[in-house]
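Presented below is the structure to which this report refers.
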2 protein chains.
Amino acid sequence: MLSIWLVLVSCIDFVLYSSAEEGLVFPSFDGRDRVLNVNERNYKKALKKYDMMCLLYHEPLPSDKELQQQFHMREMVLELAAQVLEDKDIGFGLVDSYKDAKVAKKLGLEEEESIYVFKDERVIEFDGELSADTLVEFLLDLLEDPVELISNPMEQRAFERMDEDIRLIGYFKGEDSEQDTYVSSIFKEKGLCIVFICNCFMLQVAKQLTLKMNEIDFYEPFMDEPVTIPGKPNTEEEIVDFVNQHRRPTLRKLRAEDMFETWEDDMDGIHIVAFAEEEDPDGYEFLEILKEVARDNTKNPDLSIVWIDPDEFPLLTTYWEKTFKVDLFRPQIGVVNVTDADSVWLNMPNDEALPSAEELEDWIEDVLSGKVNTEDDDDDDDDDDDDEDFDDDSSDEDHYGSDDDD
Amino acid sequence: MLSIWLVLVSCIDFVLYSSAEEGLVFPSFDGRDRVLNVNERNYKKALKKYDMMCLLYHEPLPSDKELQQQFHMREMVLELAAQVLEDKDIGFGLVDSYKDAKVAKKLGLEEEESIYVFKDERVIEFDGELSADTLVEFLLDLLEDPVELISNPMEQRAFERMDEDIRLIGYFKGEDSEQDTYVSSIFKEKGLCIVFICNCFMLQVAKQLTLKMNEIDFYEPFMDEPVTIPGKPNTEEEIVDFVNQHRRPTLRKLRAEDMFETWEDDMDGIHIVAFAEEEDPDGYEFLEILKEVARDNTKNPDLSIVWIDPDEFPLLTTYWEKTFKVDLFRPQIGVVNVTDADSVWLNMPNDEALPSAEELEDWIEDVLSGKVNTEDDDDDDDDDDDDEDFDDDSSDEDHYGSDDDD
């Protein structure tokens with residue numbers, strides 16, 4: 001009996017919910033099959049039937065048994081999501097890249113194992129952690145109106161706090177005006193960014209945000225200062241183009257909902273990766289230094305730091321510690337080669353000796369110039385799999401720790 | 001083939017990870033059995049062998065096949081956690097409440113289906129979501145030193161931001177002093193709270209926090225003003241007693257790591273539950289109003305509001321919407337009877353008409369006096385299971401919405 005269980009958990013993570021009193025009972029799969037096998041005969045009807053259609057584009061069912069089980073697990077993620085979202089008018093389907101190649105071509109599906117969401121004539125790709133949790137959260141977000149009206153100082157503060165996302169904010173005529181409807185309709189595509197609108201009652205907020213009538217400001221993640229989209233009033237195309245051009249920020253957070261998309265968007269085969277727990281005083285301090293560096297270097301197109309909060313990826317924490325040979329109870333910054341996961345890390349001898357923003361900028365300059373790179377330490381290469389006792393002194397970089405204990 | 005998959009997902013949620021480039025590969029279970037069946041012969045040796053021992057206290061293996069599978073799923077959560085944490089010197093075991101009743105008694109295990117963690121002569125109970133994610137995060141947190149040194153204004157800000165937790169902060173002599181060691185040793189038990197220490201270099205921080213030498217301040221979640229633990233310098237017992245007495249806060253957040261513990265700690269069979277997405281401007285605004293109410297009423301022992309951020313429980317969102325008949329895209333506050341999940345909700349007609357703090361206090365007073373209760377609307381009772389189109393106007397409460405559009 002156990003052997004089947006052992007095989008089952010290959011490549012998956014199990015989540016089990018226990019239930020307590022009423023009001024806090026996790027849903028369990030009811031066994032009803034809701035996910036459609038999409039093909040040429042039924043795809044048009046399916047797309048018409050639901051407000052939103054969510055398609056997993058997948059390789060043909062493999063003959064290998066273990067891979068088959070992985071495939072069924074993925075199907076089950078969709079089944080559970082379909083069950084949980086049953087009342088939300090969302091359809092779920094599978095598109096086989098071999099059998100249904102024609103449908104895939106018609107629908108524009110390209111990346112196998114990605115999920116494509118069809119909504120209001122738009123297609124949004126989901127390239128995050130394929131768990132029921134993350135997928136359901138993503139889909140629920142898509143159901144929400146991406147446009148928020150800022151109508152008091154408290155809501156302005158909420159806007160300022162959401163600094164992990166790309167945000168657009170525009171200042172337009174009152175809530176019911178034609179202009180407002182026009183702007184709302186532009187921004188119906190979520191996944192692009194989050195959009196806020198100040199109406200004319202909120203002249204005070206607009207002034208604080210230095211917004212002029214009909215102007216749209218673009219906020220890169222973690223930036224205090226926005227960039228104004230030129231040529232107001234803007235067309236939908238102009239806005240989308242501008243956002244796409246400025247899509248890759250100087251500092252970005254790894255998030256479950258688009259983690260693979262972020263990781264695949266490397267800079268010439270490397271990532272500058274910073275680990276920092278926001279809930280930890282040292283991590284918080286290091287993150288603030290990082291943000292300062294990002295703000296100082298926001299105009300540098302070659303710089304994009306990936307910030308990972310290990311707290312948000314508990315199952316990956318020890319994998320990263322082993323792969324990168326770093327201690328993730330402390331803040332870390334390093335360069336990772338995404339081809340072989342080889343890496344080199346800035347030496348920070350203890351928590352009380354975080355680098356200053358200037359020291360960090362010097363190190364980043366060395367990374368970008370190639371002076372610090374993952375190839376110079378190749379003596380301890382290729383031992384990812386069998387190391388038991390890693391230490392964090394393997395880096396042969398200079399020590400940039402600050403010594404002032406002011 | 002499919003039928004076995006259907007059964008498998010009863011009562012569980014599946015999480016599946018796809019892998020991309022190197023550096024971002026989720027671990028998959030390797031099939032090696034690491035979880036020990038703990039019994040009278042081996043428990044002492046097991047407890048001695050590891051820094052930390054994590055025991056699932058469970059009912060005897062049931063004869064029902066579906067329940068058996070649930071049991072194996074739970075075992076698999078432990079197996080995956082054990083694999084991921086292999087290098088962290090944590091042991092994992094199962095204690096059968098029938099076969100190993102003697103061991104359970106000796107170890108003080110009481111609540112079946114709970115996980116007990118043994119560390120440094122202490123026992124910490126885990127009563128949260130039994131997923132590998134949540135369990136691993138909880139255990140990794142336990143490995144970290146719960147004591148943080150605040151040595152600069154940035155770290156003080158980090159301390160102030162962590163307002164969801166119970167926090168203690170003390171002001172003591174320098175880092176290496178005897179006093180500091182004494183205080184550190186007091187606080188080795190995590191799960192109690194998070195502890196901060198200002199050392200004497202940080203007189204400025206201490207002054208801002210109005211701390212005197214050797215004094216310990218207790219911060220309830222979401223409170224700006226601390227309560228000083230009387231009778232400084234305090235003994236360990238005094239501190240633990242004080243924290244236990246003040247453990248139930250006026251406003252508490254539902255968190256995966258202790259969600260069942262929180263839910264079971266009801267107030268005479270009911271919970272006042274507030275739903276608010278912190279990442280949403282209206283949710284944020286409502287939460288700020290809630291915090292204001294909590295601060296104004298922190299001395300009321302009969303009041304403890306459970307705040308749920310639906311974003312953090314995507315799989316429960318539609319369950320709550322159905323069970324409570326509310327729209328969770330908007331902030332909500334209501335009374336929930338934990339015996340039958342019957343509930344009544346404050347009528348807020350739209351996002352722009354959130355109640356003021358005063359209006360919310362009036363409503364809470366009505367709840368605490370019994371004027372607002374879950375039994376007065378029993379005409380639409382007992383239809384939890386078959387409703388398709390819930391609306392959010394079922395409450396017959398007064399409308400407390402504010403009308404000022406300032």
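Within every chain, numbering begins at 1; the chains are lettered A, B, ... in the order of the sequence lines, protein sequences first and strands thereafter. The figures that follow rest on heavy atoms only: side chains count, while hydrogens, waters and symmetry mates do not.
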Proximity breakdown for A:Val136 and chain B, heavy-atom pairs closer than 4.5 Å = both
Greatest number of heavy atom pairs closer than 4.5 Å to chain A - which of B:Glu278, B:Gln83, B:Glu164 | B:Glu278
Specify whether B:Trp320 and B:Phe313 have parallel, tilted or perpendicular ring planes, treating 30° as the upper limit for parallel and 60° as the lower limit for perpendicular.
-> perpendicular
Pick one of side chain, backbone, both or neither for B:Glu277, based on which atoms fall under 4.5 Å of a heavy atom in chain A.
-> side chain
Winner by heavy-atom pair count (cut-off under 4.5 Å) against chain B, out of A:Leu140, A:Leu328, A:Asp30, A:Val336 | A:Leu140
Think B:Lys65 forms a cation-pi with B:Phe71, using NZ or CZ under 6.0 Å from the six-ring centre and within 45 degrees of its axis?
-> no
Return yes if a side-chain donor-acceptor contact under 3.5 Å exists between A:Asp133 and A:Ser131, otherwise no.
-> no
CZ of B:Arg74 to CG of B:Leu56: how many Å apart, nearest 0.5 Å?
-> 6.0 Å
Between B:Val273, B:Val84, B:Leu254, which residue shows the highest count of heavy-atom pairs closer than 4.5 Å to chain A?
-> B:Val84
Contact leader toward chain A among B:Leu316, B:Ile308, B:Asp280, where contacts are heavy-atom pairs under 4.5 Å | B:Leu316
The reported gap from CD in B:Glu144 to CG in B:Leu139 (rounded to nearest 0.5 angstrom) is 12.5 Å
Against chain A, work out which of B:Glu279, B:Arg161, B:Glu86 has the most heavy-atom pairs shorter than 4.5 Å and name it.
-> B:Arg161
Answer yes when B:Asp282 and B:Arg330 have at least one side-chain N-carboxylate O distance shorter than 4.0 Å, and no when they do not.
-> no
